[in-house]
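Okay, so here's the structure we're looking at.
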There are 2 protein chains.
Amino acid sequence: MVLIRTCDLEPFQLTDGVPIMPTTTTMPTETAAQTLTDSGLRSTPQREVIYSILLNKRDHPTADEVYARVKTELPSISLATVYNCLETLVGCNLVRAVNFDREPTRYCPNLRPHAHFHDENLGSTYDIDLPPDLLEQIKAILPPGYNASSIEISFRGHTAPEAAQN
Amino acid sequence: MVLIRTCDLEPFQLTDGVPIMPTTTTMPTETAAQTLTDSGLRSTPQREVIYSILLNKRDHPTADEVYARVKTELPSISLATVYNCLETLVGCNLVRAVNFDREPTRYCPNLRPHAHFHDENLGSTYDIDLPPDLLEQIKAILPPGYNASSIEISFRGHTAPEAAQN
DNA sequence: AATTTATTTGGAATGGTTCTAATTCGCACT
DNA sequence: AGTGCGAATTAGAACCATTCCAAATAAATT
C-alpha cells in the first residue's frame, strides 16, 4: 500500500479572496481520543489540544507556531511536549508531517491524498487535491521491484494575489 | 516554466543485479568551467573536482560524503568549501539538491526530469524517469492562480533484493 | 607588480530537533 | 480512597546539518 505523505484540506475556493473553511471533512471515524487509545496511547490534554489546534487552523504550522498557539490554552506546556505530541499524532496517523527542503517541519491533520504548494513569497502552504487516477499513474512509473510505501508531491512557486486563500 | 527539483540518471536496468552505468547522458552543452564563467563565477579546482565527483558516482551523496571523496583528491579542502561549492553548482544549475524529509541534503548532477525513490532499508536513492506527459498532468492539477516554479516527487519504500542497482 | 575582487578556510555560531533524567500524571488494583 | 507502576511531561543539555565570520589565499585586472 502506498501512503501519501501529504496533508489534507477540503478543496478551497478560489473565486474570490475569501478563505473558505472546509465544510465537510473526511472526518476520522473515531475521535482522536479513541484513535490514541486504540494505539495503546493515552489521551492527554496536551495531545487533544494540539490536535484541535491543527484541526482549527489548517495553515500547516511549524512546531514553534503550534507551541505559541497551545500556550494560550496550556500556558505551562513545553516545546519538548509539543514535539512529542506532534510525533505521537503523526505516529497514529491523525496528523501528517510536511517538509519543504530543509525548512522546519510543518503539520496538518491527516485526510485524503493531496500534494502541497508552497508560496515562496508568502511562506504559505496550500493543499492541492490529488485525483486518484493521477496517483495511480504516478505509482505506475516505478519499475518492477520498487515497492513504495509513501509518495510526496510538492510544488514551489507563487500564487496570484487575487487567488489569495489565507 | 516549471523546474523539476529532481536529479538525473540514465534509465538503469533491472534485469539482473549488475549496476548499469549511464552510457549516454544528456551532457550539458558546455563544460562546467564554461557554465561557471558564464554565471560570472570562477572555475576553481575545488568546484571542478566536486562536480566531477558528482558526475562520477551518481549515488546522491550528502555533503559529508562528498567531503570524504574530495579529500582523497584535494586533502586540504574544508567542509565549508564543500558546502560553498555545492551551493554554487546548484546555483548555476549544474547540480540539484535533493531532500528527503529532514535528512541531510543529497546532491546529483542536473539532467532531465525525474522523481526520486528512497530505499528505507538500504538508505539508497534512485532516480525514476518522469514521462513528459505525466509531468503535464501533474502540473494540471494546480488551480488557476497557482504558478509553480518547481515540482518535486519522491517515493519512499524498499526495493526487492533482486532489483538491486547499486 | 600592485590593486581589487572572488574564493577558500577553520572555527564559531545557528536553529530545528532529539535526548536525558527527573517529576508528574493517570489508570488499575487493592 | 490510597498505592503502585508505567506512561507522559518537562527543562535543559546535547546534537547535527548547515551557515556565518573574519582572516588568509588565489585569481583577474590595472
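Chain identifiers are assigned alphabetically (A, B, ...) following the order of the sequence lines, protein sequences preceding nucleic acid strands; residue numbering begins at 1 within each chain.
Put simply, Ser78(B) has no side-chain N or O that comes within less than 4.0 Å of OP1 or OP2 on dT8(C). Remark: Gln46(A) is in phosphate contact with dT10(D), judged by side-chain N or O atoms under 4.0 Å from OP1 or OP2.
Looking at Phe155(B) and Ile138(A), their side chains come closer than 4.5 Å, going by heavy atoms from C-beta outward.
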(Q) Generate the contact string for nucleotides 13-30 of chain C. Rules: B means base contact, S means sugar-phosphate contact only, - means no protein heavy atom under 4.0 Å. (A) ---SBBB------B----
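In this structure, Tyr51(A) places its OH atom 18 Å from P of dA8(D), rounding to the nearest Å. To the nearest angstrom, P of dT7(C) lies 12 Å from CG of Leu89(B). One interatomic measurement links the two molecules: CZ of Arg47(A) to P of dT10(D), which rounds to 11 Å at whole-angstrom precision. Here dT9(C) presents its P atom at 12 Å from NZ of Lys71(B), a figure rounded to the nearest Å. Distance Ile77(B) CD1 to dT25(D) P: 17 Å, rounded to the nearest Å.
Using a 4.0 Å cut-off between a side-chain N of Lys or Arg and a carboxylate O of Asp or Glu, Glu103(B) and Arg156(B) qualify as a salt bridge.
Not a single side-chain contact (heavy atoms from CB on, under 4.5 Å) links Thr37(A) to another residue, sequence neighbours left out.
In summary, the side chains of Thr125(A) and His116(A) do not present any donor paired with an acceptor at a separation below 3.5 Å, with no hydrogens or angles considered. Between the side chains of Arg102(B) and Asn99(B), no donor N or O sits under 3.5 Å from an acceptor N or O. No side-chain N or O of Ser124(B) forms a donor-acceptor pair with one of Asp119(B) less than 3.5 Å apart.
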